[in-house]
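Could you have a look at this structure, given as C-alpha cells, before my questions?
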Number of protein chains: 2
Amino acid sequence: MELAEAKQKFIEAWGKLGSEWGINRTMAQVHALLLISPEAMTTEEIMESLSISRGNANMTLRDLIGWGLVEKQHKAGERKEYFYADKDTWNIARQVAKERKKRELDPVLKVLDELSKVKGDTADLEYKTFNKSVTDINRLAKNVDKTLETMLKAEENWFWGSIFKIFK
Amino acid sequence: MELAEAKQKFIEAWGKLGSEWGINRTMAQVHALLLISPEAMTTEEIMESLSISRGNANMTLRDLIGWGLVEKQHKAGERKEYFYADKDTWNIARQVAKERKKRELDPVLKVLDELSKVKGDTADLEYKTFNKSVTDINRLAKNVDKTLETMLKAEENWFWGSIFKIFK
DNA sequence: TTAAATTTTCAAAATTTATTGAAAGTTTAA
DNA sequence: TTAAACTTTCAATAAATTTTGAAAATTTAA
C-alpha cells in the first residue's frame with residue numbers, strides 16, 4: 001500500500017471510530033491528520049487536506065484544543081497560526097479519558113449517588129428493583145472511575161504491566 | 001425524592017449517557033425502563049411509559065435483543081410478547097463490551113494492523129511520523145483488547161479485586 | 001492611523017439520524 | 001377457513017447534528 005493511501009485509510013478509520021463513540025467525525029479526522037503530520041499545519045492546509053470549510057476547520061481546531069489534544073504554534077516572522085498534535089499515544093488516551101470522565105462520567109455518578117439514596121418501602125418490588133439496579137450500576141461506575149483515576153496518574157508501562165501481571 | 005421522580009431521572013440519565021457514547025437515546029431509555037421494572041413489559045406498556053411510537057418501540061426492542069440485553073418472554077395463555085432485561089450489572093457491562101469490541105474495536109484493529117505493515121523510506125519524516133503514530137495506537141488498542149478479553153471471561157469480584165490489589 | 005491578513009462567529013443550508021404511523025405480514029383461536 | 005390480535009416493515013417526516021460561507025471582529029505591519 002502507498003503511504004498516501006495508508007494515510008487516507010487511517011484518517012477514515014479514526015473518523016469512523018470517533019463517530020461510533022460520540023465524537024464528531026470531522027474532529028476525529030482533523031486529529032488523525034495532525035497525528036500523522038510531522039509538522040504543525042495551518043488552517044488552510046487542513047481545510048485543503050480534508051475538503052472542509054474554514055468555519056468548520058476553525059471550530060474543530062478550537063474543540064481539539066479544548067480537549068487538550070492539539071496546540072497552537074507560532075512561527076517566527078509569520079502571522080498565521082499553526083496547529084500541532086501531541087503524538088504521545090498514552091497522553092492522548094489519558095487526555096480523552098480525563099475529559100470524558102469530567103464531562104460524562106462524573107455528572108452521571110452524581111445522579112446515581114442521589115438516586116441510590118432514595119428511600120422507599122422495602123416490601124415494594126418496584127422500589128426494590130429500582131434500588132438494586134441503581135445501586136449496582138453505581139458500584140460499577142465507581143470502580144470504573146477509580147480505575148480511570150489511577151490511569152490518569154500512571155505511566156503507560158506501569159499501568160499495563162500491572163494489569164497484565166495478573167491477567168497474563 | 002419520590003420513587004416516580006427518581007425513575008424518571010434514572011431513565012433520563014441513562015438516555016443521556018447512552019447518546020454521549022454513540023448509543024441511540026431511545027434504546028438506552030427503553031433499557032433503563034426495563035432495568036428498573038421487576039416484571040417483563042409489553043410493547044404497549046413501553047410505548048406508553050416513554051411516549052414513543054409502536055414502530056420505534058418494536059425496532060428498539062429488537063436492537064436490545066440483538067445486543068443481548070433484553071429477552072422476549074411469553075406468558076401462559078397470553079398472546080402478547082413480554083420483554084425482560086437482565087438485571088445483572090456485570091453481565092450487562094460484559095455484554096456491551098463484547099458487542100462494541102466486535103462491532104467497533106475489532107474492525108479498527110484490523111485496519112491498524114494493515115497500516116502498521118505499510119513499508120516506506122525510514123529517512124522520510126512523513127513516513128516515520130505516520131508509522132510511529134499508527135504503531136503506537138495499534139499497541140495501545142491491543143492492550144485494551146486484551147484487557148477486554150479478560151473482562152469478558154471474568155467474574156466481577158475477581159476482576160475488580162485484581163485491579164485494585166495493585167492500584168489500591 | 002490604515003488596510004491587509006487572519007481568525008471568529010453564527011444564521012442558514014445540508015446532512016445524518018431517529019421517529020412515526022399506517023399498511024402489510026404473521027400467528028393463533030375458534 | 002376466518003378474523004382478531006399482535007408484530008413487523010418502511011416510506012415519509014421530523015428532529016438533531018454538522019457544515020458552510022460570508023460578514024464581522026481582531027491582529028499586526030507599515
To the nearest angstrom, how far is A:L61 atom CG from C:dT9 atom P?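 Taking CG of A:L61 and P of C:dT9, I get 13 Å after rounding.
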
Between atom CD in A:E20 and atom C1' in C:dT16, what is the gap in whole Å?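 Interatomic distance, CD of A:E20 to C1' of C:dT16: 15 Å.
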
Between C1' on D:dT27 and NZ on A:K80, what's the gap in Å once rounded to a whole number?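 Taking NZ of A:K80 and C1' of D:dT27, I get 15 Å after rounding.
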
What is the distance, rounded to the nearest whole Å, between atom CG of A:D63 and atom C1' of C:dT9?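 Atom CG in A:D63 sits about 14 Å away from atom C1' in C:dT9.
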
Write down the distance between CZ (A:R62) and C1' (C:dC10), rounded to a whole number of angstrom.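 After rounding, the reported distance stands at 14 Å.
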
Hey, does the Lys NZ or Arg CZ of B:K7 hover above the aromatic six-ring of A:F130, less than 6.0 Å from the centre and inside 45° of the axis?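 The answer is no, since B:K7 fails at least one limit relative to A:F130.
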
Would you tell me if any nitrogen or oxygen in the side chain of B:R79 comes within less than 4.0 Å of OP1 or OP2 on C:dA29?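 Checking B:R79 against C:dA29: no side-chain N or O falls below 4.0 Å of OP1 or OP2.
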
Whole-Å gap separating C1' (C:dT7) and CG (A:L64):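 Rounded to the whole Å, the gap is 17 Å.
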
Generate the contact string for nucleotides 11-21 of chain D. Rules: B means base contact, S means sugar-phosphate contact only, - means no protein heavy atom under 4.0 Å. -------SSBB

Could you state the CE-P distance from B:M47 to D:dT8, rounded to the nearest angstrom?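 One finds 13 Å between P of D:dT8 and CE of B:M47, rounded.
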
Interatomic distance, A:K16 NZ vs C:dT17 C1' [rounded to whole Å]: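 Computing the A:K16:NZ to C:dT17:C1' distance gives 17 Å.
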
Could you verify whether a donor N or O on one side chain and an acceptor N or O on the other, from A:D113 and A:N138, lie under 3.5 Å apart?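 Present: a donor and an acceptor within the cut-off.
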
Would A:R100 count as a cation-pi partner of B:W21, with NZ or CZ less than 6.0 Å from the six-membered ring centre and within 45° of the ring normal?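 Checked: cation-pi criterion met.
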
Hey, is NZ on B:K16 packed in by over 12 heavy atoms from elsewhere, all under 6.0 Å?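 Check fails, neighbour count at 12 or below.
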
Let's see if you can work this out: which of D:dT7, C:dT9, C:dT28 has an atom nearest to the side-chain heavy atoms of B:N58?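 The listed nucleotide nearest to B:N58's side chain is D:dT7.
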
For a side-chain contact (heavy atoms from CB on, under 4.5 Å) check, start with the C-alpha distance between A:I137 and B:L35, then their side-chain angles and the critical distance, and finish with the verdict. CA-CA 10 Å; A:I137 290 170; B:L35 269 184; 3.9 Å; yes

For the hydrophobic clusters of this structure (ILVMFWY residues joined by side-chain heavy atoms under 4.5 Å, transitively), does one cluster hold both B:V30 and B:I65?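 Linked within one cluster.
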
